[in-house]
Amino acid sequence: PKFGVMWGLAEWLQLRGSYAESFRAPSLAELDPFRNRNTLLPAVVNGAPATVLGTFGSTAHLEPEVAITRTLGFDLEAPGDSRLRLRATYFDIDYGGRIAEPDPTQGVQAQAAPHRFPGIFFTTDSADLIGNLLASTRNLINFSGVDLTAPDASAQLAALPNFYIFDNRLRNLSDVSLAGFDVDIAYGADTQWGDISFGARATYMSDYEEQLSPDAPVTTIVDTALRPVDLRARGFIGLERDGFEATLAANFVDSYRNPYSRGETRIDSWTTWDARLAFDLWRAGMGEGSEVSIGAKNIFDEPPPYVETSGPQGAALRAPIGFDPANANPLGRTIWIEFVKRWWGVRRPGHPLWGCARHTRGP
């Protein structure tokens with residue numbers, strides 16, 4: 001169910017709020033048993049040499065994830081001829097049984113504090129448990145020195161000193177909650193140079209908490225590597241005149257913590273610029289319902305901020321790629337060309353059916 005209410009306090013101000021409950025069943029890819037795999041690698045746990053059986057993929061009994069979403073906001077449009085618009089929304093989302101990989105190395109090293117992740121990173125001497133994992137999952141990497149084809153392989157692993165299991169398979173996490181604000185402001189005006197517009201959109205994540213299992217502690221993960229940053233923003237300025245349109249936009253990602261580096265460093269903020277030039281052939285009388293445009297993303301080819309992945313903590317980033325794939329794009333400058341043609345609902349000014357279809361433009 002979803003319920004919403006909108007209250008018009010004035011012609012220029014509206015308040016709104018909503019409450020919704022939803023669910024998402026696991027996808028076929030998430031249930032695919034052929035993606036399951038094991039690794040047996042040496043490690044250092046609690047400062048002592050150890051062997052870790054890492055199991056990845058999907059668990060056999062994934063349940064649908066559920067969510068409760070609450071929003072509260074307002075829309076303000078200045079009265080008169082002014083084209084000032086301000087929209088703000090507070091959102092609060094609680095997930096139950098969210099389908100995700102635990103990835104317990106966030107915030108702390110699981111190898112340094114395995115007791116904080118019960119049921120995910122744990123020691124065991126159960127040959128039956130180990131045998132079930134070895135039999136039901138492909139064994140890709142084995143540096144344990146134990147022949148996994150031997151009948152007593154699981155018993156040999158269980159007898160190893162400091163033997164641990166890292167169960168990083170998809171599962172229904174106990175609880176995930178997040179909250180924040182979305183703000184959108186825009187203004188436009190007609191000038192002697194043309195129709196000019198500018199504005200900005202920003203998302204501030206005030207809270208993002210995750211609990212990996214019912215017995216695990218609640219961990220705040222906002223503003224850390226591989227997780228949402230607290231502030232993202234995009235600002236733009238545009239000019240339109242006689243079918244010609246130019247837009248320049250800036251994208252900003254705030255700096256944030258890297259708990260996976262030696263000594264916990266901060267990842268620098270990242271600002272990139274986009275540009276777009278468009279020409280409306282229809283309005284210029286050159287092609288009914290046609291528009292051609294060219295643009296570029298990251299026009300100054302700004303590289304993503306460097307993210308240190310050395311040391312045992314760096315394993316949390318899964319690969320020494322030097323950037324955070326959750327918050328940065330390594331492609332650099334990207335140039336695109338676009339041509340748009342409309343064949344219906346379009347009429348030239350002066351056509352008998354002009355006014356039956358409305359040509360609208362927006363940022």
Side-chain angles (χ1 to χ4, degrees), residues 1-4 18-39 52-71 90-108 110 113-124 126-140 154 164-180 205-222 224-228 315-318 325-326:
K2 179 177 181 179
F3 307 94
S18 67
Y19 173 89
E21 297 180 4
S22 58
F23 77 96
R24 182 183 75 85
S27 66
L28 293 178
E30 290 170 334
L31 294 172
D32 183 8
F34 294 101
R35 65 196 299 268
N36 294 358
R37 61 206 184 277
N38 287 332
T39 61
V52 176
L53 170 60
T55 181
F56 308 88
S58 176
T59 53
H61 305 289
L62 285 178
E63 299 292 336
E65 63 180 32
V66 297
I68 296 177
T69 305
R70 296 167 287 265
T71 68
Y90 169 77
F91 57 88
D92 184 350
I93 306 175
D94 291 325
Y95 292 96
R98 189 175 186 182
I99 300 173
E101 294 178 350
D103 191 13
T105 49
Q106 61 193 10
V108 296
H115 62 279
R116 298 195 60 182
F117 305 96
I120 297 172
F121 198 101
F122 55 93
T123 184
T124 182
S126 172
D128 291 338
L129 173 60
I130 299 171
N132 289 335
L133 290 176
L134 295 179
S136 62
T137 306
R138 291 178 298 161
N139 301 306
L140 296 184
S154 57
Y164 286 83
I165 290 179
F166 172 28
D167 189 349
N168 199 49
R169 294 176 294 179
L170 283 171
R171 66 182 64 203
N172 294 102
L173 299 183
S174 293
D175 188 29
V176 177
S177 62
L178 58 95
M205 191 80 67
S206 59
D207 191 22
Y208 196 132
E209 294 182 338
E210 187 174 72
Q211 187 180 26
L212 301 179
S213 68
D215 299 325
V218 176
T219 305
T220 299
I221 58 177
V222 67
T224 59
L226 297 177
R227 303 296 176 178
L317 291 171
R318 297 186 177 86

So, taking the atom named [atom1] in [X] and the one named [atom2] in [Y], what distance separates them when rounded to the nearest 0.5 Å?
{"X": "E21", "Y": "F3", "atom1": "CD", "atom2": "CZ", "value": "8.0 Å"}
{"X": "L178", "Y": "M205", "atom1": "CG", "atom2": "CE", "value": "5.5 Å"}
{"X": "T71", "Y": "Y19", "atom1": "OG1", "atom2": "OH", "value": "12.5 Å"}
{"X": "R70", "Y": "I93", "atom1": "CZ", "atom2": "CD1", "value": "9.5 Å"}
{"X": "S177", "Y": "I68", "atom1": "OG", "atom2": "CD1", "value": "11.5 Å"}
{"X": "D92", "Y": "T69", "atom1": "CG", "atom2": "OG1", "value": "8.5 Å"}

> Which is it for L53 and L133 under the side chain to side chain contact (heavy atoms under 4.5 Å, CB included) test, yes or no, and what are the steps along the way?
Replying inline: CA-CA 9 Å; L53 170 60; L133 290 176; 3.9 Å; yes

> Within the side chain of T219, is there an N or O that forms a donor-acceptor pair under 3.5 Å with the backbone of I221?
Replying inline: no

> Can any side-chain N or O of T224 pair as donor or acceptor with the backbone N or O of R227 at less than 3.5 Å?
Replying inline: no

To check you understand the geometry: which heavy-atom pair defines the closest contact between [X] and [Y], and what is its length?
{"X": "L226", "Y": "P325", "value": "CD2-CD, 4.1 Å"}
{"X": "R171", "Y": "L62", "value": "CA-CD2, 3.6 Å"}
{"X": "E65", "Y": "N172", "value": "N-ND2, 4.5 Å"}
{"X": "I99", "Y": "E63", "value": "CD1-O, 3.7 Å"}

> Who passes side-chain hydrogen bond (donor to acceptor under 3.5 Å, both in side chains) against Y208, sequence neighbours left out?
Replying inline: R98

> Residues two or more places apart in sequence or in another chain: which of them pass ring-ring contact (aromatic ring centres under 6.0 Å, His included) with Y90?
Replying inline: F181

> Can you name the residues that form a ring-ring contact (aromatic ring centres under 6.0 Å, His included) with F56, not counting sequence neighbours?
Replying inline: F166

Which residues pass the side-chain contact (heavy atoms from CB on, under 4.5 Å) test with [X], not counting sequence neighbours?
{"X": "N132", "value": "none"}
{"X": "S22", "value": "A67"}
{"X": "Q211", "value": "S174, D175, V218"}

>> Ignoring hydrogens and geometry beyond distance, is a side-chain donor-acceptor pair present between T55 and D167 at under 3.5 Å?
In response: no

> Is any side-chain heavy atom of N38 closer than 4.5 Å to a side-chain heavy atom of L140?
Replying inline: no

> For S58 and N36, what are the C-alpha separation, side-chain angles and deciding distance, and is it a side chain to side chain contact (heavy atoms under 4.5 Å, CB included)?
Replying inline: CA-CA 6 Å; S58 176; N36 294 358; 4.0 Å; yes

>> Heavy-atom count check: over 12 atoms from other residues, nucleotides or ligands less than 6.0 Å from F23 CZ?
In response: no

> Hey, would you say the F122 and Y164 ring centroids sit under 6.0 Å apart?
Replying inline: no

